[in-house]
There are 2 protein chains.
Amino acid sequence: MTTMPARESGKGLSRDAYADAALDFIDAHGVEPLSLRALGNQLGVHATAVYRHFDSKNEVLEAALQRMLERENVQIPETGTPREQILALLRGLRDAFRAHPHMAIPNLTLQDEQATVEFVRYALSLLEQMGLQGDDLVVAYQMLETFSVGTNAYDWGEYPEGLEGRRRGRRLVGHPAMDTASRSIETMTEINDRAFELAAEALLDAVERLGGVDRSAVGVTGSRDRG
Amino acid sequence: MTTMPARESGKGLSRDAYADAALDFIDAHGVEPLSLRALGNQLGVHATAVYRHFDSKNEVLEAALQRMLERENVQIPETGTPREQILALLRGLRDAFRAHPHMAIPNLTLQDEQATVEFVRYALSLLEQMGLQGDDLVVAYQMLETFSVGTNAYDWGEYPEGLEGRRRGRRLVGHPAMDTASRSIETMTEINDRAFELAAEALLDAVERLGGVDRSAVGVTGSRDRG
DNA sequence: ACCTGAACACCGTTCAAGT
DNA sequence: ACCTGAACACCGTTCAAGT
């Protein structure tokens with residue numbers, strides 16, 4: 001089950017062994033069924049052994065999310081225009097959750113503060129290259145973060161039961177366009193993907209406008225940190 | 001505690017009495033601390049009495065969400081342009097969750113299928129008035145629904161602990177604009193509100209473009225259901 | 001019709017004890 | 001250093017019994 005080579009005895013486990021096992025379990029059965037007893041059982045270890053490595057169940061979940069981002073190679077690409085780089089990141093995150101829909105849990109933060117800080121700094125530098133500064137810079141960042149987290153939580157959360165429930169609801173509306181779009185989970189996902197693309201471009205348009213106004217109006221075309 | 005007049009004995013309770021009590025409890029203490037034992041205790045009734053009115057705890061939560069929307073008078077206004085009506089609805093929903101942040105639970109659907117169907121139909125008719133049809137209509141609807149649910153879940157979810165956690169994270173970034181924006185929960189909320197407004201307008205711009213293209217290209221300027 | 005009381009099968013977490 | 005085993009204080013839910 002785990003990607004990391006498990007010790008044959010199941011003893012002497014590392015932090016990552018628990019995180020990987022949690023990720024595998026959640027992929028297979030969902031977040032809710034994951035109990036520390038079930039996790040211990042999967043690793044051939046007592047339920048409370050996990051406390052030697054983590055302070056709480058939530059920490060295990062945070063570590064599992066981190067493992068997912070690592071496994072799916074989610075990162076900001078280093079080539080392309082700032083806009084292209086941001087769009088690629090948003091798509092990368094979306095595809096990571098597409099592969100691990102049960103991990104789309106809102107309000108699950110990462111433990112690694114340093115990595116998070118570096119990520120945010122790089123994202124801010126891209127937005128600065130698009131001409132944003134001051135409160136506008138933070139507003140633009142917040143808008144994109146909320147969009148990414150929100151759309152992943154709603155599109156993938158409790159997948160596929162959540163989406164199937166919405167599908168059945170759509171069929172009750174009795175509108176021809178809704179009927180066509182809600183034929184299957186696959187057509188629902190297609191609509192979600194198109195909505196994601198449309199929204200991402202629209203938000204990036206708004207970011208560009210917000211950055212562009214300042215630059216043409218005040219004549220600041222990148223006098224600050226461009227490199 | 002409850003808005004509805006509670007019977008003095010605490011017995012012979014209605015469905016709404018449970019829903020109201022759940023909403024009050026969640027407003028006061030959050031979703032997680034709400035147990036059926038705590039709910040029964042608040043109503044002066046045994047923990048399992050709730051099962052005479054609801055099939056599961058989740059149904060109680062759905063009913064509490066419904067009571068919230070009723071109490072906060074969330075509805076689509078009937079005056080203004082379609083765009084204005086949609087924007088007013090998005091703001092109304094946001095303000096309802098602002099008043100009941102602990103209720104911002106993703107993937108919590110409503111029980112009342114008929115009301116939901118009517119709501120979606122009316123929303124669709126507004127989008128049709130903006131020139132949308134076919135898959136584009138559904139994509140536009142989906143984009144706005146995802147935005148609304150996602151932004152409420154992320155902005156208000158586990159408020160204020162969630163936002164406070166993000167605030168501390170922002171302060172670690174060490175960027176002057178972030179420092180200014182993350183001075184307090186209030187400044188964080190201000191940024192969130194501005195991000196919401198910017199995103200809502202950007203998405204509605206995209207919807208307008210998506211509807212407008214068809215109309216000018218095919219020459220359909222509202223030959224269908226405009227009234 | 002509505003509520004009680006006991007019980008079932010679980011939880012996360014703590015802590016002394018083992019090796 | 002890492003895991004076990006028992007225990008604590010909870011859960012949601014079922015079901016027979018009360019009135």
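Since this is a predicted model, take the numbers as computed values, not measurements. To find a chain, count down the sequence lines: A is the first, B the second, and so on, and within it residues start at 1.
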Side-chain atoms of A:Ser56 come closest, of C:dC3, D:dC3, C:dT13, to C:dT13

Using the test ring pair (Phe, Tyr, Trp, His ring centres under 6.0 Å), find all partners of [X] that sit at least two apart in sequence or belong to another chain.
X: A:Phe25; value: A:His29
X: A:Tyr159; value: A:Trp156
X: B:Phe147; value: B:Phe196

Separation of atom [atom1] in [X] from atom [atom2] in [N], rounded to whole Å:
X: A:His46; N: C:dG12; atom1: NE2; atom2: P; result: 13 Å
X: A:Asn41; N: D:dG5; atom1: CG; atom2: P; result: 13 Å
X: B:Asp55; N: D:dT13; atom1: CG; atom2: P; result: 10 Å
X: B:Leu43; N: C:dC2; atom1: CG; atom2: P; result: 15 Å
X: A:Leu36; N: C:dT14; atom1: CG; atom2: P; result: 11 Å
X: A:Lys57; N: C:dT13; atom1: NZ; atom2: P; result: 8 Å
X: B:Tyr51; N: C:dG5; atom1: OH; atom2: P; result: 18 Å
X: B:Phe54; N: C:dC3; atom1: CZ; atom2: P; result: 11 Å

So, does B:His53 get its side chain near the phosphate of C:dC3, meaning an N or O under 4.0 Å from OP1 or OP2?
yes

Short side-chain N/O contact to C:dC3 OP1/OP2 from B:Tyr18, under 4.0 Å:
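Checking C:dC3 against B:Tyr18, a side-chain N or O does come within under 4.0 Å of OP1 or OP2.
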
Expected rows: protein N/O vs nucleotides 16-19 of chain C N/O, under 3.5 Å:
none

List every contact pair, protein side and nucleotides 7-10 of chain D side both N or O, where the distance is under 3.5 Å.
none

Not counting sequence neighbours, which residues clear salt bridge (Lys or Arg N to Asp or Glu O under 4.0 Å) with B:Arg121? List them please.
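By the salt bridge (Lys or Arg N to Asp or Glu O under 4.0 Å) rule, B:Arg121 matches no residue at all.
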
List the residues meeting salt bridge (Lys or Arg N to Asp or Glu O under 4.0 Å) with B:Arg83, not counting sequence neighbours, and say none if there are none.
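Per chain and number, B:Arg83 pairs via salt bridge (Lys or Arg N to Asp or Glu O under 4.0 Å) with B:Glu201, B:Asp205, B:Glu208.
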
Pairs where residues 102-122 of chain A contributes a residue and the test ring pair (Phe, Tyr, Trp, His ring centres under 6.0 Å) is met, not counting sequence neighbours
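Checked against ring pair (Phe, Tyr, Trp, His ring centres under 6.0 Å) - neighbours excluded - no pair reaches residues 102-122 of chain A.
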
Give me each pair satisfying ring pair (Phe, Tyr, Trp, His ring centres under 6.0 Å) with a member in residues 32-64 of chain A, each pair once, sequence neighbours excluded.
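Qualifying pairs: A:Tyr18-A:His53.
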
Donor-acceptor side-chain pairing of A:Glu118 and A:Gln114 below 3.5 angstrom:
yes

If you measure from the Lys or Arg side-chain nitrogens to the Asp or Glu carboxylate oxygens, is any gap between B:Arg194 and A:Asp136 under 4.0 Å?
yes

Counting Watson-Crick and G-U wobble pairs with both distances under 3.5 Å, what is the dot-bracket string for DNA chain C, 5' to 3', using [ ] for crossing pairs and | for pairs to another strand?
||.|||||...|||||.||

From CG (B:Leu137) to CE (A:Met178), nearest 0.5 Å
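Here the rounded value is 6.5 Å.
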
How long is the span from the CG atom in A:Leu163 to the CD1 atom in A:Ile191, to the nearest 0.5 Å?
11.0 Å

Within the structure shown, what part of the strands sits under 4.0 Å from A:Leu34 by heavy-atom distance: base, sugar-phosphate, or nothing?
sugar-phosphate

B:Arg94 and B:Asp193, any side-chain heavy atoms less than 4.5 Å apart
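Yes. Closest side-chain heavy atoms under 4.5 Å.
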
Any side-chain heavy atom of A:Leu203 sitting closer than 4.5 Å to one from B:Leu203?
yes

By side-chain contact (heavy atoms from CB on, under 4.5 Å), which residues pair with A:Ala47, not counting sequence neighbours?
A:Arg37

Please give me every residue in residues 58-66 of chain B whose heavy atoms get under 4.0 Å of an atom in DNA chain C, ordered by residue number.
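The answer is none.
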
